[in-house]
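Numbered from 1 within each chain, the chains take letters A, B, ... in sequence-line order.
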Protein chains: 2
Amino acid sequence: MRPREFDHDEVLRIAFDQFWRKGVRGTSLSDIARDAAVQRGSLYNAFGSKEALFLQAYERYAGDYLAKLQKALGAGSLRKRLTAFFDLTITNFRSGTPPRGCPTTRGLMELGGAEGEGLDDNARQAFANLISRITALLQDTLAAGAARGEFDGNPAAAALHIVTVTRGLAVLERAFGDEPQLRKIAAHTIDLVLGRNGG
Amino acid sequence: MRPREFDHDEVLRIAFDQFWRKGVRGTSLSDIARDAAVQRGSLYNAFGSKEALFLQAYERYAGDYLAKLQKALGAGSLRKRLTAFFDLTITNFRSGTPPRGCPTTRGLMELGGAEGEGLDDNARQAFANLISRITALLQDTLAAGAARGEFDGNPAAAALHIVTVTRGLAVLERAFGDEPQLRKIAAHTIDLVLGRNGG
DNA sequence: ATCAGTTTTTGACACGATGTCGAGAAAGCA
DNA sequence: TGCTTTCTCGACATCGTGTCAAAAACTGAT
């Protein structure tokens with residue numbers, strides 16, 4: 001069979017960059033084809049449809065992001081880990097020029113709810129994953145370090161609260177673009193969840 | 001001069017309903033024209049463009065919503081007011097069949113960030129307005145009822161936190177569609193901000 | 001080396017959406 | 001009744017998605 005003339009992964013990377021910067025609906029396959037130096041028809045042949053291309057590009061991004069997340073949540077005191085988590089989140093939203101915001105949140109609001117329920121599953125999965133990781137983190141802290149008083153709340157409720165705040169940050173980033181404000185909210189959230197003296 | 005053959009306000013109402021249900025990019029002017037029994041060209045003549053139509057329809061909605069907001073924030077203990085505020089917010093997200101989500105958040109993520117910075121100003125305005133109203137509410141409570149211990153935090157930071165959570169709720173609503181979960185997060189947020197015994 | 005089979009590439013096509021334009025219709029006013 | 005203004009309506013240009021068929025390029029077997 002005839003071999004493909006372009007790098008599958010490279011195209012996903014280029015496509016996701018465009019989707020991230022301009023949104024899914026704001027990016028045409030012609031844009032991607034031009035940027036990737038590939039014929040538009042070849043994109044349909046290789047990926048199926050615009051939404052399918054976005055989903056594959058998103059999965060690629062999500063894999064990369066997961067590694068960073070592991071690192072952020074993996075070491076130090078609970079407060080340090082949560083701080084690193086919020087820092088990773090905000091830094092990700094503010095990356096690029098101009099800042100690109102949160103691709104998961106944007107994709108979810110752009111695609112979900114119309115007819116094509118495309119990103120719903122991926123976003124749901126990503127959020128659920130985040131929630132259970134943080135729940136586990138809080139549970140471990142609660143079990144292992146109760147004496148130290150790092151955290152004494154409800155792990156599941158607190159984790160849900162934290163993830164909700166990160167989603168709110170994604171929205172406020174688009175509205176205000178005020179990074180110091182986002183970081184203040186993050187710090188305040190950590191204080192609320194841990195208690196101002198906790199950690 | 002010849003009078004217009006359709007009800008300007010009625011068309012805005014119909015248009016916003018479609019935008020809310022299907023998103024801005026997911027709604028065509030042909031859809032609206034059909035629903036409103038108006039020629040597509042007349043819409044362009046009367047409103048200028050699709051985005052301009054959306055913005056005018058949004059302003060109309062925002063005016064309606066403001067009245068409900070006043071009512072929710074206007075009476076009772078601080079805890080009652082915040083509860084009413086979250087309740088209004090969530091009920092609004094969950095209105096319609098299927099639930100339509102938050103039009104401000106969705107519009108912001110859909111329009112803002114590409115080229116047309118259309119809803120940015122409106123959303124920014126709406127959020128900023130919300131933040132200052134709640135800040136004032138908390139300040140008043142702090143000043144008037146400090147002895148009762150309803151609230152003893154930083155009003156601005158707490159208000160920002162609360163609004164951030166409502167934006168996060170808008171996102172989680174799209175991802176999970178789990179209304180009880182949203183209400184739990186809201187209750188938990190009030191507890192965190194007021195202290196579990198406050199109010 | 002040639003040839004059949006398979007997959008990719010490529011350009012043409014159909015369709016729908018946005019936005020513009022001009023001609024015609026209709027209301028109000030002198 | 002006739003004039004003017006505004007609206008309505010259909011045609012058009014442009015762009016985006018998605019489909020299809022034919023051509024091109026590689027593989028492997030004869």
Side-chain angles (χ1 to χ4, degrees), chain A residues 1-58 106-107 110-119, chain B residues 1-12 14-58 106-107 109-119:
Chain A
M1 69 181 201
R2 177 175 178 177
R4 193 162 278 154
E5 291 185 4
F6 59 86
D7 182 340
H8 193 268
D9 227 56
E10 175 77 358
V11 168
L12 285 182
R13 209 182 49 73
I14 292 173
F16 192 75
D17 178 64
Q18 300 245 356
F19 286 137
W20 198 355
R21 285 191 288 108
K22 302 185 297 185
V24 177
R25 289 229 156 87
T27 303
S28 73
L29 284 202
S30 305
D31 292 341
I32 296 169
R34 188 176 352 94
D35 243 54
V38 170
Q39 285 293 113
R40 199 170 58 88
S42 298
L43 295 178
Y44 280 99
N45 178 59
F47 302 103
S49 70
K50 181 179 175 177
E51 184 162 334
L53 170 57
F54 172 70
L55 289 177
Q56 289 172 62
Y58 178 81
R106 182 167 183 178
E110 247 188 316
L111 295 182
E115 308 300 303
E117 305 196 358
L119 193 62
Chain B
M1 67 182 204
R2 176 176 176 179
R4 190 164 280 150
E5 290 186 5
F6 58 86
D7 183 339
H8 193 267
D9 227 54
E10 175 76 359
V11 169
L12 286 182
I14 293 173
F16 192 75
D17 177 65
Q18 300 246 354
F19 286 137
W20 197 355
R21 285 192 287 109
K22 302 185 297 184
V24 177
R25 289 230 157 85
T27 303
S28 74
L29 285 201
S30 305
D31 292 341
I32 295 169
R34 188 178 350 95
D35 242 54
V38 169
Q39 285 293 112
R40 200 169 57 88
S42 300
L43 294 178
Y44 280 99
N45 177 58
F47 301 102
S49 70
K50 181 179 176 178
E51 184 163 332
L53 170 59
F54 173 69
L55 289 177
Q56 290 172 61
Y58 179 79
R106 181 168 184 179
M109 301 304 277
E110 246 188 318
L111 295 183
E115 309 299 304
E117 304 197 357
L119 193 62

For the pair made of [atom1] in [X] and [atom2] in [N], what is the distance, rounded to whole Å?
X	N	atom1	atom2	result
A:Ile32	D:dG16	CD1	C1'	12 Å
B:Leu43	C:dA17	CG	C1'	14 Å
B:Arg34	D:dC9	CZ	P	16 Å
B:Lys50	C:dT20	NZ	P	14 Å
A:Phe6	C:dT10	CZ	P	10 Å
A:Gln39	D:dA21	CD	P	19 Å

So what does A:Ser42 touch, heavy atoms closer than 4.0 Å: a base, only the sugar-phosphate, or nothing?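 Touches a base.
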The side chain to side chain contact (heavy atoms under 4.5 Å, CB included) partner of A:Leu53 among A:Tyr58, A:Phe19, A:Tyr44 is A:Phe19
Could you check which of D:dG18, C:dG19, D:dT8 has an atom nearest any side-chain atom of B:Asn45? D:dT8
Listed nucleotide nearest any side-chain atom of B:Tyr44, set C:dT20, D:dC7, D:dT17: C:dT20
Within the distance-only criterion (no hydrogens, no angle test), does the side chain of B:Arg25 pair as donor or acceptor with the backbone N or O of B:Glu110 below 3.5 angstrom? yes
Measure from the side-chain N and O atoms of B:Lys50 to the backbone N and O of B:Val24, and report whether any donor-acceptor pair falls under 3.5 Å.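 Flag set: sc B:Lys50 to bb B:Val24 pair under 3.5 Å.
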Quick check: on DNA chain C, is the nucleotide nearest B:Ser28 upstream (toward 5') of the one nearest B:Glu5, or the reverse? Name the residue that is more 5'.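 Looking at DNA chain C, the more 5' nearest nucleotide goes with B:Ser28.
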